[in-house]
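Every chain is numbered from 1, with letters handed out A, B, ... down the list of sequences.
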Amino acid sequence: MAKGFMTIDGQRVAFDGEKNVLAVIRKAGIEMPTFCYHSDLSTYGACRMCLVEDERGKLDSSCSMEPRDGLSVKTNSMRLLKHRRTILELMLASHDCDCTVCPKSGKCRLQELAQQFGVRRVRFKDTRERHEIDDSSDCVWRDPNKCILCGDCVRVCEEIQGMNILDFVGRGAQMTVAPAFERKLSETHCVGCGQCAAVCTTGAILVNNQIGKAWDAIHDPSKRVVVQIAPAVRVAVGEAFGIPAGENSLDKFVTALKLIGVDEVYDTIFGADFTTVSEAEEFKQRLANGGPFPMFTSCCPAWVKYLEFENPKYLKNISTCKSPMQMFAAILRDQYAAKDAADGRTTFHIAIMPCTAKKMEANRDEFKHDGRPDVDLVLTTREIIDMLRETGIKLGELELESPDLPFGMGSGASMIYGSSGGVAESVVRYCVPDKSKNALREIEFMGLRGDGCIKEATLNLDGQEIRLAVVNGLGNARKLLRDIDEGKAFYHLIEVMTCQGGCVGGGGQPQSLRVTKQERRDGLARADHSAPFKRAERNPVVMQMLEEMGEEKAHRLLHVSYIKE
Amino acid sequence: MPKRKLTRERLNAMRLEAKTLLAANTREVLVCAGTGCIAGGSLNIYDAVKKLCEDKGLKTRVSLKQEDNGGNALHFKKTGCHGFCEMGPLLQIEPDGILYTHVKVEDAEEIVERTIMKGEVIDRLLYTLDGKSYAKDSEIPFYKLQKRLVLENCGYTDAEDLTEYIARDGYVAFEKALFEMTDEGICKEILDSGLRGRGGAGFPMGRKWDSVRKQPKGKKYVVCNGDEGDPGAFMDRSIMEGNPHSIIEGMLIAALAAGSDEGYIYVRAEYPLAVDRLRTAIDKAEKLGLLGDNIMGTGFSFHLHINRGAGAFVCGEGSALTASIEGKRGMPRVKPPRTVEHGLWGQPTVLNNVETYANVPLIIRKGSEWFRSIGTEKSSGTKAFALTGNVVNTGLIEVPMGTTLREIIFDIGGGIKDGKKFKAVQIGGPAGGCLTEEHLDMPLDFDSLKSVGAIIGSGGLVVMDEDTCMVETARFFMSFTQNESCGKCVPCREGTKRMLEILTRIVNNEGTMDDLALLESLSATISEASLCGLGQAACNPVISTLKYFRDEYLAHVVDKHCPHCNGRKVQLVIDPSLCRGCGKCRKNCPMEAISGEIRQPHTIDTEKCIKCGACWSNCPFGAIREE
Amino acid sequence: MGKQDVLKRVEEIVDSYGCRREALIAIMQDIQNEYKYLSTEALELVANKLGVGVAKVYSVATFYENFSLEAKGKYIVKVCCGTACHVRKSQPIYDGLREYLGLTGKQKTSSDAMFTLETVACLGACGLSPVMTVNDEVHPKMTPESAIELLEELRAKEGANHAEA
């Protein structure tokens, strides 16, 4: 990695391994504008906003420029400012500028930069071709009229998820971003991970917004609104309200939800403890029966969808356990049936998730009873942030309140479900016979955590060597499956999470880079550390309910099969 | 598989034999089989003449082979483009050098009986200029003033005959490079020759090759850019069609220099004949053992593939071209890394255009010293140009670098058509700029052109006369570029679209002075901020026409009347001496521009006339003519 | 040729390139050479066999001008929209035919795959304007009515052929 000194606007700046001049400029305290540059993706260099001028007066994009000792660039010369304004004006001329009613307003990079650069007038005639909005997917909406063709969605879908659902179509001024044959998303193999919406710089791809439904339910006196909150939400929801990423703001969040009129607030970690126990038991059973291996975790709905679309022969390998959200919902429905009958209100169950694919999961036929889904509505972190903003609640200044009982309690193991490696680690904690603190520490460092794409670990269980793998990003999962297919790899248990870093980096979370995702993961690890008990089987409510449930009921409430008859 | 393994000795023996055969060739009938002449029916002429000769008992042969009756036979050749496309189809009789123009199948009999059998010249088929007819091609001013090096074989040799290429010292340079030179030595020779890339900016080839050579050992590629897409340019097509082995030989030498064992030739989709000829040439070179593994027992291997383009001008850009070879969208990528480090499939790659490679064997064979003696100090060698537009002799020419525009247009090109005045010449296609009267005596070389904001580009020269509207010309080039923009970067995608909208408004006399200012401002952004050369050069035609012909823009914007667009001097008139007053023209005129009494000569109202030609095609007396 | 035969042939073409991803453009060129266009099924099969996303294949196919993604009808009808034809009202002919063929949006080919309707800049037959061509045969001095009549005749002819067969 290159080291040295550059001159930026006359100021001497040291660089040390930054991958491009853009990063050095940002390090020097100058906020270089970009649309198509996303540090987790390949460099595209198309928006031309990050142009700099070198000593010879030559312009080039700083995102593609290598830092070089002695290099001198200007970032804000007269020409550069003029070109940036012209580029913004050209973008606006081809953009549906209905900013006042656009859901992305206030968070839209185009709007922000156009304001910042003082673009007050568009000198070009409106000759745009109008495109149809695609609202066919449960997870995301696409409005091509707002697309500026930065290609971030195309690259995240291909490079990170290996899905290639979206790509460029046509060329030149006619170019658009669309699925193959300009189909609707619901007609493709889109798994609904929502990463495209997470990286979209404008309002061209948005999370399927269901805020309206939530308000309707909250304000309907005949409905008891019961909420569950996923682990990854608590370490991200505060970001929009000035709370640092990774800080656990669950208790303030509970207060906020109560303030806006939610009746009961529970915690998905309660469901996660059910999942850990059930999944670990299933794993032990498979070990006893000799397979089928590998056993895949089943918490991530996008991953399940992926196997259904792309590799159905592995559906039998998926754990039959429902995801924590669906376990929680099934138990809630079961427990609240009597309550509903007694007071004449119906329970309306909202799950607040970091994930867009959960919207699709909640809508699956497997989780509907008499046509009614167990989870009535899934709201993403981003949607709930918008709702709180609407109410004017300042999350940071609220009093603390714990989730309601009995379903508001969970182990430390369930807290880390929001991080890549967390589900596998929880299962391991359950499986190892040594229940000491030392054992926990050993498990923590066995290699399941961390930033890697494909992590491997081995575990000795009753003299048997157990091989584990943890993977995040569907692109990596695809690679792993290929290795397994070709006999190059063998594992007993594989945890798959579709999004980078796990659910903390979910498509429904506030926009984030790798660093922020890491901070959120650290936050969950801290929550685990400070939890009163670390293992799922130490959750007294869960263990008692499991005991009382009986095998048939447990099967009905907690298990599911995705294999089509 | 080669019957016997090719060795240096065997190649030399073959060459000696081929040379003897060629020297013994007493009569040759050359029929131009370039794209232009084929469209004119030259292949039928070839068949007809050959059959007639055979019917008359003359011995014929179609390749340099011992068994073909030695020197007595008439050697029939389908040659590459002669360059004189204006006059096609062309047929030439050697060794007399008699060149027949505008030949038709009906002329075959006469050509055989009079010229081939009796040695007479058929005057009506000769090229005439200013009342003088020329029997020999070498005397025609069009050829006389050229210096044809890379085009030398085009027009004289059978493009599909490897033996003939070898007889004309083909693969001598490769042999020399393979057996007598080091990789470093080859790079040095090319660097010393001063050869600069013929496709665009004129980067010194020796430096490029040396950069690839210095990359760590491993897989490297040699790629030939045959994606010649400029409207009005066909130099590379002619070389691919007429002298394909020179490209293969040039690439082999590049591979030796760079340490590569695999190459690709990327040919434009619209050039099917070039693909065929290259494919045949590669097949023959492989069969002989000039391509493949362990060539002539030296351990050097080289495999060559052809990729056909699929219709995208932007693929002429290096990184777009390699992306296209890799089966992707032809979208340029940001640099660095450069192609020499990170080209095809991420490997170091030598990428040059067709004409550049075709120069290489000449340099290696005749030496860098010789090459430097041609052209100017900083731009050595020759350059091929496609001369088109309002010039008397359109066609393909090759002249030493530094030749002036005046020499090209007036001496070789024969001046402006119909005695009109010269106005401008667009050089370098849609990426180039226009040169005017004041530049006529400027030497055409890389640096002089750069100093006036133009480029040689691939070498298209479109000559425009006094009647041409330069605003419309700028609009035409912008519509081309806009249609070919890949759409990746904002300035080019959105900018060229807006440029075209504004130019169209101005051409339609609906523009304002604000539009002019916007054009200039937008041009600056597109030129400076675009990602690749296509975008950076997209506005050159606008910038240079605004500079030299601002008055024409003002005519459209201020006067709302352009003397060139609206009052074109070419007009349809009815010759009263021929018109019988039948009224057919009047009835057929869509604009009701014709009036006249029955049986009286009619007249055309030039204000209303749109010059659709309906009157002309309906007139039974041929009374309607252009004036 | 049935759909299955076409797909079998597509498979052969892909195999002939050893299922190499980088041969995508050459493969599509070969398919188009045989079938005049790239069908959805063919492109999906190509994507599947090459192991690349179908969006990628579609993306490449739409980038290059030479690829056609639409089947052409048996008869290709071109209405001239050059200056002379335009002033002699060729637009109503085009509009009339579109309506007659039931074409909407970007659709150019009738649903029975009989006709493809296109415009052409100038056929150089301005004296006969307004003109249209059917499979390159020039039909002069058309009106919307006569154009539709012509297509109906062709359709009737096809119907008769079909009945005989």
Side-chain angles (χ1 to χ4, degrees), chain A residues 42 44 46 129-132 134 137 142 144 147 149 151 153-191 193 196 205 306 309-312 474-475 478-479 481-483 485-486, chain C residues 3 6-7 10 14 18-25 27-29 31-32 35-72 98 103-109 111 113 116 118-119 121:
Chain A
S42 64
Y44 188 56
E129 198 184 317
R130 265 59 170 182
H131 299 273
E132 219 177 297
D134 176 5
S137 157
R142 281 196 338 107
C147 178
L149 301 166
C153 54
V154 173
R155 278 171 290 134
V156 81
C157 190
E158 182 174 354
E159 293 172 10
I160 306 294
Q161 303 300 40
M163 290 304 290
N164 187 226
I165 299 301
L166 291 172
D167 211 324
F168 294 110
V169 172
R171 74 166 187 228
Q174 275 79 46
M175 189 164 89
T176 55
V177 167
F181 307 104
E182 284 134 283
R183 285 176 176 146
K184 291 192 177 305
L185 273 177
S186 60
E187 296 161 5
T188 69
H189 283 189
C190 173
V191 296
C193 74
C196 51
I205 308 182
Y306 171 83
F309 279 138
E310 307 270 320
N311 219 333
L474 284 179
R478 189 187 291 259
K479 264 184 239 152
L481 284 186
R482 202 180 307 136
D483 284 351
D485 274 340
E486 291 168 3
Chain C
K3 212 169 236 178
V6 174
L7 291 183
V10 169
V14 182
C19 291
R20 282 178 303 120
R21 206 224 107 118
E22 62 267 25
L24 175 60
I25 293 172
I27 288 168
M28 293 198 292
Q29 282 168 333
I31 296 170
Q32 179 152 310
Y35 301 106
K36 309 289 170 236
Y37 84 109
L38 302 170
S39 67
T40 306
E41 294 83 5
L43 289 182
E44 281 176 331
L45 181 63
V46 169
N48 201 351
K49 290 213 60 157
L50 295 183
V52 299
V54 62
K56 184 65 50 199
V57 171
Y58 185 70
S59 180
V60 174
T62 54
F63 183 83
Y64 295 97
E65 209 158 292
N66 296 359
F67 294 122
S68 167
L69 296 160
E70 250 184 67
K72 296 270 171 96
R98 263 181 77 83
L103 304 178
T104 53
K106 287 180 181 170
Q107 195 190 353
K108 280 170 161 180
T109 301
S111 47
T116 295
E118 295 173 349
T119 58

_Counting heavy-atom pairs under 4.5 Å with chain A, which one of C:Val54, C:Thr40, C:Val57 comes out on top?_
C:Thr40
*Quick one: pull up OH in C:Tyr64 and CZ in A:Arg171 and give me the separation to the nearest 0.5 Å.*
9.0 Å
*Check whether any side-chain N or O of C:Thr62 sits under 3.5 Å from a backbone N or O of A:Val169 as a donor-acceptor pair, and report yes or no.*
no
*Ignoring hydrogens and geometry, is there a side-chain-to-backbone donor-acceptor pair from A:Asn164 to C:Lys56 under 3.5 Å?*
yes
*Side chain, backbone, both or neither: which part of A:Gln174 has a heavy atom under 4.5 Å from chain C?*
neither
*Measure the shortest side-chain to side-chain distance between A:Met175 and C:Phe63 over non-hydrogen atoms and say whether it is less than 4.5 angstrom.*
no
*Identify which one of A:Val177, A:Leu166, A:Asp167 satisfies the side chain to side chain contact (heavy atoms under 4.5 Å, CB included) criterion when paired with C:Ser59.*
A:Asp167
*asked:* Counting neighbours of CD on A:Glu132 that are heavy atoms of other residues, nucleotides or ligands and sit closer than 6.0 Å, is the number greater than 12?
replied: no
